[in-house]
Amino acid sequence: MAELEVFEYAVVRVVPHVERAEFVNAGVVLWCRALEHLAARTALDAGRALALAPDLDVDAVERHLRALEAVCSGDPRGGAPTGEAKGARFRWLVAPRSTVLQTSPVHCGLTADPAAELDRLLTRLVRPGG
């Protein structure tokens, strides 16, 4: 049996109007220090987001979600944070913000397979009916 390692994750939320505190889950960021695994998966349900804010610029939100994934993967298109260590990138991504993209509090668990855990969390927490 594979050894279980501690991982941390946060749910990525689209908060169209910050003052209303309504949001739609749109992704998950996962960090497993022991395995040096940092990744994000996103899946925006534009219909749900637009139900909260018909004026939402969905294209801009999707660009920002792709940038978040780029920061995790170390892709230079993610900007300056991609040059930081993976743990620092995770902390930067999950820092509190008052913007359209926010993250939940950080949660933790145990896993032997962080990539599979990320898929499981995305299905359970982001995709409708998951």
Side-chain angles (χ1 to χ4, degrees):
M1 183 170 155
E3 187 172 335
L4 295 177
E5 302 291 350
V6 173
F7 72 94
E8 299 173 82
Y9 73 94
V11 178
V12 179
R13 299 170 170 169
V14 174
V15 186
H17 298 290
V18 176
E19 66 280 1
R20 292 181 60 153
E22 298 172 325
F23 61 87
V24 173
N25 290 346
V28 178
V29 180
L30 184 143
W31 164 237
C32 180
R33 180 179 175 197
L35 300 175
E36 280 292 307
H37 184 91
L38 175 63
R41 299 254 335 264
T42 62
L44 177 62
D45 183 332
R48 292 177 70 204
L50 288 168
L52 293 180
D55 60 335
L56 181 68
D57 185 344
V58 173
D59 291 335
V61 170
E62 288 179 340
R63 281 193 308 276
H64 289 298
L65 289 169
R66 286 191 300 275
L68 182 143
E69 291 176 342
V71 169
C72 286
S73 68
D75 183 328
R77 291 177 287 187
T82 60
E84 300 294 326
K86 290 179 180 180
R89 282 186 264 157
F90 177 74
R91 296 288 168 230
W92 182 81
L93 287 167
V94 300
R97 292 178 170 78
S98 293
T99 61
V100 172
L101 281 189
Q102 299 181 16
T103 56
S104 72
V106 174
H107 306 283
C108 62
L110 296 171
T111 188
D113 185 347
E117 190 66 36
L118 182 56
D119 288 340
R120 185 186 73 75
L121 289 167
L122 187 75
T123 298
R124 188 170 136 241
L125 302 172
V126 176
R127 296 215 165 109

**Fill in**
Tightest non-hydrogen contact, residues L4 and A112, listed as CD2-N, 3.7 Å
**Message:** For A115 versus H37, what's the shortest heavy-atom pair and its separation?
**Reply:** N-NE2, 3.9 Å
Using atom types as modelled, flag every donor-acceptor pair under 3.5 Å from a side chain in residues 5-12 to any protein atom, sequence neighbours excluded.
residue, atom, partner, partner atom, Å
E8, OE1, R91, NH1, 3.2
E8, OE1, R91, NH2, 2.9
E8, OE2, R91, NH2, 2.8

List, one per line, each side-chain donor-acceptor pair under 3.5 Å for residues 60-67, sequence neighbours excluded.
none

**V126 reachable from V14 in the ILVMFWY side-chain graph, under 4.5 Å edges** = no
**Request:** Go through the steps for V71 and W92 under the test side chain to side chain contact (heavy atoms under 4.5 Å, CB included), then give the verdict.
**Result:** CA-CA 10 Å; V71 169; W92 182 81; 4.3 Å; yes
**Fill in**
Value for CZ (R13) from OG1 (T99), rounded to nearest 0.5 Å, stands at 12.5 Å
**Message:** Minimum heavy-atom separation for A39 and L118, please, with both atom names.
**Reply:** CB-CD2, 3.6 Å
**Asked** For E36 and W31, what are the C-alpha separation, side-chain angles and deciding distance, and is it a side chain to side chain contact (heavy atoms under 4.5 Å, CB included)?
**Response** CA-CA 7 Å; E36 280 292 307; W31 164 237; 3.6 Å; yes
**Message:** Measuring from atom CZ of R124 to atom CG of L122, what distance do you get when rounded to the nearest 0.5 angstrom?
**Reply:** 12.0 Å
**Complete:** Heavy atoms of T111 and D113 approach each other most closely as OG1-N, 3.0 Å
**Asked** For the hydrophobic clusters of this structure (ILVMFWY residues joined by side-chain heavy atoms under 4.5 Å, transitively), does one cluster hold both V58 and L101?
**Response** yes
**Request:** Could you pull out the closest heavy-atom pair between L52 and P16, with the gap in Å?
**Result:** CB-CG, 4.2 Å
**Asked** With side chains defined as the heavy atoms from C-beta onward, is the minimum distance between R97 and V15 less than 4.5 Å?
**Response** no
**Prompt:** Side-chain heavy atoms under 4.5 angstrom apart, residues restricted to Ile, Leu, Val, Met, Phe, Trp, Tyr: same cluster for V28 and V100?
**Reply:** no
**Fill in**
So CG of L30 and CG of L38: to nearest 0.5 Å the spacing works out to 8.0 Å
**Request:** Calculate, to the nearest 0.5 Å, the distance between atoms CG and CG belonging to L121 and N25 respectively.
**Result:** 11.0 Å
**Rounded distance [0.5 Å steps], CG in L68 versus CG in L93** = 5.0 Å
**Request:** Determine, step by step, whether C72 and R89 satisfy the side chain to side chain contact (heavy atoms under 4.5 Å, CB included) criterion, reporting the C-alpha distance in whole Å, the side-chain angles of both residues, the deciding distance to 0.1 Å, and the verdict.
**Result:** CA-CA 7 Å; C72 286; R89 282 186 264 157; 5.6 Å; no
**Message:** How long is the straight-line distance from CD of E3 back to CG of L35, given to the nearest 0.5 Å?
**Reply:** 9.0 Å
**Request:** Side-chain contact test, heavy atoms from C-beta onward, threshold under 4.5 Å: evaluate it for V106 versus F90 and give yes or no.
**Result:** yes
**Prompt:** Which atom pair, heavy atoms only, marks the closest approach of A40 to E69?
**Reply:** O-CG, 3.7 Å
